[in-house]
Amino acid sequence: MNNANAMKYGFIKVAAATPVINVADCYENAENIISDIHEAEKNKVKLVVFPELCITGYTIGDLVYSPHLLDNALIALNKIADATKGLDILVFVGLPYVCNSLIYNVAAAVYNGKVLGFVPKTFLPNYNEFYEKRHFAQAADENIYVKFNGYEVPFGKKIIFNSGVYKNFAVCAEICEDLWVATPPSVSHSLNGAIITANLSCSNETIGKADYRKTVVSAQSGANISAYIYACSGYGESTTDLVFSGHNLIAENGKILEESELFENKMIIADVDVDFLSSERAKYYNYDYKKESGYLHVVFDNIDDKSYLDRNFSKTPFVPDDKNELVSRASLIIRMQAEGLRKRMEASKSKTAVIGLSGGLDSTLALIVSVKAFEIAGIDRKNIIAVTMPCFGTTDRTLNNALKLAQAYGVTIKTVNIAAAVTQHFKDIAHSQKVHDVTYENAQARERTQVLMDIANSNEGIVVGTGDLSETALGWSTYNGDHMSMYGVNCSVPKTLVRHLVNYVAEHSKSDLKNILKDILDTPVSPELLPPNKNEITQKTEDIVGPYELHDFFLYYFVRMNYSPEKIFFIAEKTFKDVYDGNIILKWLKKFFVRFFTQQFKRSCIPDGVKVGSVALSPRGDWRMPSDASVNIWLKSIDDLVDTQKD
């Protein structure tokens with residue numbers, strides 16, 4: 001797939017730039033700004049934001065009253081506008097601007113040779129080292145029009161700049177202090193349709209301020225469900241009393257995508273996903289907000305849509321890339337699972353927890369969580385009953401690992417060989433044991449569940465479910481078999497994360513337990529319902545449904561990010577280019593959507609279980625979907641992609 005289609009999928013390449021300036025030298029500053037604009041354009045940037053008053057310098061002091069400086073700032077702005085002719089890039093620059101005999105600190109929006117609008121600063125700081133009310137007038141409540149270079153230009157704080165081609169490429173501007181107040185203008189702008197906020201800033205540096213600034217930018221982008229581009233003044237501003245570091249930031253919905261080093265005067269670039277932000281707002285913007293009237297939407301028409309996607313996506317979106325974050329998160333997730341189970345034990349007045357221990361990853365994590373829950377509650381581990389249920393597909397490796405794991409944790413072990421019971425069942429329903437079909441497999445799964453339920457009943461306990469989020473998404477469970485339990489501790493933990501949680505415990509365990517867990521991690525994922533070959537697993541789940549790393553990737557971007565099949569494929573092909581070719585990705589993407597839709601009936605009646613992350617499929621919480629919803633339009637999109645691959 002062509003990587004030059006990024007804007008088609010809602011990815012807008014944005015930049016925050018800090019040019020070197022010379023205080024009061026409008027022409028040198030304009031040249032440096034133009035140079036940065038051309039650099040941004042070469043990098044296919046569609047929106048670049050420059051610092052506050054960058055044409056003159058923020059630290060001009062009382063020189064701002066000089067008509068000569070003010071006139072030359074306008075000449076420099078016109079020069080910058082001329083330099084953008086024929087370029088597909090929206091530019092925000094700062095300058096002092098006179099309107100009706102008052103001087104305003106404004107952000108000028110420039111595109112394809114013209115100034116599209118002036119946005120004056122709303123909140124003027126007048127404390128500590130700041131004295132802007134000495135120089136500038138505060139923005140009025142309503143927009144007006146002013147003359148610039150022979151044409152009318154809107155002037156006011158209620159302006160949003162909209163692409164005429166890409167509906168969610170909608171930008172507003174605020175200036176420095178506007179961000180730091182209790183009610184930033186961007187709140188109102190966002191409620192009126194702006195999805196990207198450009199902040200032109202001149203924030204001086206003091207000890208600890210950079211961290212605070214980063215927190216504020218991140219929080220504001222999250223509160224507004226927006227992209228936030230923060231461009232800050234740097235080298236070149238006067239250091240008479242202050243120093244400026246050029247601390248540029250790009251955030252998206254609470255996450256910092258890019259950040260510059262202090263005192264580097266660098267341009268930072270990132271791809272922001274405006275379609276995702278728009279989709280996310282559909283969930284959260286349905287409150288009865290009071291919107292301000294009088295907004296003006298200024299349209300600019302994009303010339304060129306060939307924007308390349310440089311943004312990288314983790315192959316494992318449910319698993320942090322940072323090792324330190326992974327450790328702290330693993331500990332928290334296991335604690336959350338354990339607290340959920342502890343409460344369920346207490347509420348149901350249960351004395352024991354019963355787990356079907358297979359020697360696989362999911363049941364291993366369920367046992368780890370149960371041990372943690374009992375430890376927190378102060379209950380003897382012997383009240384955890386780990387049940388192994390060997391049958392036709394069980395291998396010595398998994399059975400021995402299950403027994404050794406239960407022994408290592410000091411829980412009660414029961415072994416119930418279900419082969420005879422299942423054989424009798426086959427006779428009862430007249431099913432040949434030689435026919436290894438779905439009946440052959442599911443009969444074993446349902447017998448296992450019956451055994452667990454009856455053991456729980458006879459020991460005043462509950463059955464702890466072991467199935468994970470990935471299996472729930474794919475419907476990879478036997479209805480009324482392993483599909484059922486009294487509490488599902490892994491229900492919102494995807495397979496890729498299960499693996500990392502078990503590995504986390506292994507790395508923090510003593511050698512004997514560590515070795516057992518490591519061998520379980522190395523064992524192929526399998527329900528072990530088909531006979532082995534020479535005691536080796538023959539039924540490997542990922543050979544049947546596909547790689548879990550792909551399915552977890554698909555799941556995250558479909559459910560959490562609301563991506564279309566085309567957009568999922570677009571980023572998956574880029575992300576997994578060294579692992580899978582496009583045809584393989586499409587094969588499993590189609591399998592994902594077919595199974596996700598057709599297996600909803602299983603999710604509609606899944607047991608209770610704790611939510612630990614941003615994606616969960618409980619019908620009582622995050623995911624409500626009719627069991628008979630059609631998958632056709634999603635499959636059509638994938639089939640069209642398959643045809644494109646052939647071409």
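What you are looking at is a predicted structure, and each value in this text was computed from that prediction instead of being measured.
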With side-chain contact (heavy atoms from CB on, under 4.5 Å) as the test, would you mind laying out the steps for His247 and Ser201 before giving the verdict?
-> CA-CA 10 Å; His247 187 202; Ser201 182; over 6 Å; no

Salt bridge (Lys or Arg N to Asp or Glu O under 4.0 Å) assessment of Glu471 paired with Arg595 | CA-CA 10 Å; Glu471 293 176 342; Arg595 292 198 66 94; over 6 Å; no

Run the numbers on Thr18 and Phe244 for side-chain contact (heavy atoms from CB on, under 4.5 Å), then give the verdict.
-> CA-CA 11 Å; Thr18 301; Phe244 301 87; over 6 Å; no

Side chain to side chain donor-acceptor pair (under 3.5 Å) between Ser604 and Ser627, worked out = CA-CA 7 Å; Ser604 293; Ser627 298; 3.2 Å; yes

Start with the C-alpha distance between Asn29 and Phe50, add both sets of side-chain angles, then the distance that settles side-chain contact (heavy atoms from CB on, under 4.5 Å), and finish with yes or no.
-> CA-CA 11 Å; Asn29 297 341; Phe50 289 93; over 6 Å; no

Applying side-chain contact (heavy atoms from CB on, under 4.5 Å), run through Asn78 and Phe148 and close with a yes or a no.
-> CA-CA 9 Å; Asn78 194 49; Phe148 175 78; 4.1 Å; yes

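Electrostatic pairing of Glu259 and Arg213 does not count as a salt bridge here, judged by no charged N lying under 4.0 Å from a carboxylate O. In this structure, Glu325 pairs ionically with Arg329, as a charged nitrogen and a carboxylate oxygen lie closer than 4.0 Å. With salt bridges taken as basic N to acidic carboxylate O contacts below 4.0 Å, none links Lys158 and Asp141.
Counting only distance, with no hydrogens or angles, the side chain of Glu41 and the backbone of Leu87 share no donor-acceptor pair below 3.5 Å. Within the 3.5 Å criterion, the main-chain N or O of Asn224 finds no donor-acceptor partner in the side chain of Tyr284. Of the possible donor and acceptor atoms, one in the side chain of Thr215 sits under 3.5 Å from a partner among the backbone N and O of Asp211. Judged by distance alone, the side chain of Asn43 and the main-chain N or O of Val45 form no donor-acceptor pair under 3.5 Å. Side-chain atoms of Ser260 come within 3.5 Å of backbone N or O of Gly246 as a donor-acceptor pair. With hydrogens and angles disregarded, a donor-acceptor distance shorter than 3.5 Å links the side chain of Lys602 to the backbone of Gly475. Side-chain atoms of Thr197 never come within 3.5 Å of backbone atoms of Tyr228 as a donor-acceptor pair (strictly under, hydrogens ignored). Remark: side-chain polar atoms of Ser492 are paired, donor with acceptor, to backbone N or O of Val612 under 3.5 angstrom. A donor-acceptor pair is defined here as one N or O able to donate and one able to accept, closer than 3.5 Å; such a pair exists between the side chain of His551 and the backbone of Val545. A donor-acceptor contact shorter than 3.5 Å links the side chain of Asn248 to the backbone of Cys232.
A distance of 10.5 Å separates CE of Met7 from CG of Asp271, quoted to the nearest 0.5 Å. Atom CD1 of Ile37 sits about 11.0 Å away from atom CG of Asn32, to the nearest 0.5 Å. The line from CG of Asn168 to CG of Leu277 is 8.5 Å long, rounded to the nearest 0.5 Å. A distance of 9.5 Å separates CG of Asn105 from SG of Cys202, quoted to the nearest 0.5 Å. One distance of note links OH of Tyr557 with CZ of Phe276; it measures 9.5 Å at 0.5 Å rounding. Rounding to the nearest 0.5 Å gives a distance of 13.0 Å between CD1 of Ile196 and OG of Ser186.
Counting all heavy atoms, side chain and backbone alike, Ala251 lies closest to Ser221 at CB-OG, 3.5 Å. In terms of heavy-atom proximity, Lys611 sits nearest to Ala616 at CG-CB, 3.9 Å. Closest non-hydrogen pair, Leu589 versus Pro565, comes out as CD2-O, 3.8 Å. The two residues Asn199 and Cys176 come nearest to each other via the heavy atoms OD1-N, 3.1 Å. The minimum heavy-atom distance linking Ile195 with Ser278 is given by the pair CD1-CB, 3.9 Å. Looking at every heavy atom in both residues, Ala76 comes nearest to Ile55 through CB-CG2, 3.8 Å.
For the pair Val110/Leu77, a side-chain contact is recorded, criterion being any heavy-atom separation below 4.5 Å from C-beta on. With a 4.5 Å cut-off on side-chain heavy atoms, Val615 and Asp622 do not count as touching. Contact annotation: the side chain of Cys54 approaches that of Ile33 to within less than 4.5 Å [non-hydrogen atoms, C-beta and beyond]. For the pair Leu296/Tyr145, a side-chain contact is recorded, criterion being any heavy-atom separation below 4.5 Å from C-beta on. The shortest distance between side-chain heavy atoms of Asp273 and Tyr9 does not fall below 4.5 Å. With contacts defined as side-chain heavy-atom distances shorter than 4.5 Å, the pair Glu292/Ser188 qualifies. Side-chain contact between Arg624 and Arg603 is absent, with no heavy atoms from C-beta onward closer than 4.5 Å. The closest side-chain heavy-atom distance from Pro96 to Thr56 is below 4.5 Å.
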For residues 114-123, run the donor-acceptor check on the side chains, cut-off 3.5 Å, and write out each pair with its distance to 0.1 Å, sequence neighbours left out.
| unit_1 | atom_1 | unit_2 | atom_2 | d |
| --- | --- | --- | --- | --- |
| Lys121 | NZ | Glu52 | OE2 | 2.8 |
| Lys121 | NZ | Glu132 | OE1 | 3.0 |
| Lys121 | NZ | Glu132 | OE2 | 2.7 |

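Put simply, the residue from Tyr111, Phe92, Phe169 that forms a ring-ring contact (aromatic ring centres under 6.0 Å, His included) with Phe161 is Phe92. Among Glu252, Lys574, Lys13, the single residue meeting the side-chain contact (heavy atoms from CB on, under 4.5 Å) criterion with Arg311 is Glu252.
Under the 3.5 Å distance criterion, with hydrogens and angles disregarded, a donor-acceptor pair is assigned to the side chains of Glu549 and Tyr580. In this structure, a donor-acceptor pair under 3.5 Å is absent between the side chains of Thr496 and Thr316.
Counting heavy-atom neighbours within 6.0 Å of Lys209 NZ, excluding the residue itself, gives a total above 12. The local environment of NZ in Lys283 is crowded, with over 12 non-hydrogen atoms from other residues, nucleotides or ligands closer than 6.0 Å.
Classified by interplanar angle (parallel below 30°, tilted 30° to 60°, perpendicular above 60°), the ring pair Trp634/Phe597 is tilted.
Seen from the ring of Phe11, Lys567 counts as a face-on cation partner, given the 6.0 Å and 45° thresholds.
Here the two rings, on Trp588 and Phe576, have centers that are 6.0 Å apart or farther. Proximity of the aromatic rings of Phe554 and Phe596 is defined here by a centroid distance below 6.0 angstrom, and this criterion is not met. Here Tyr563 and Phe553 keep their ring centres 6.0 angstrom or further from each other.
Within the structure, ring pair (Phe, Tyr, Trp, His ring centres under 6.0 Å) contacts touching residues 180-202 (residues at least two apart or in different chains) are Trp180-Tyr212, His189-Tyr295.
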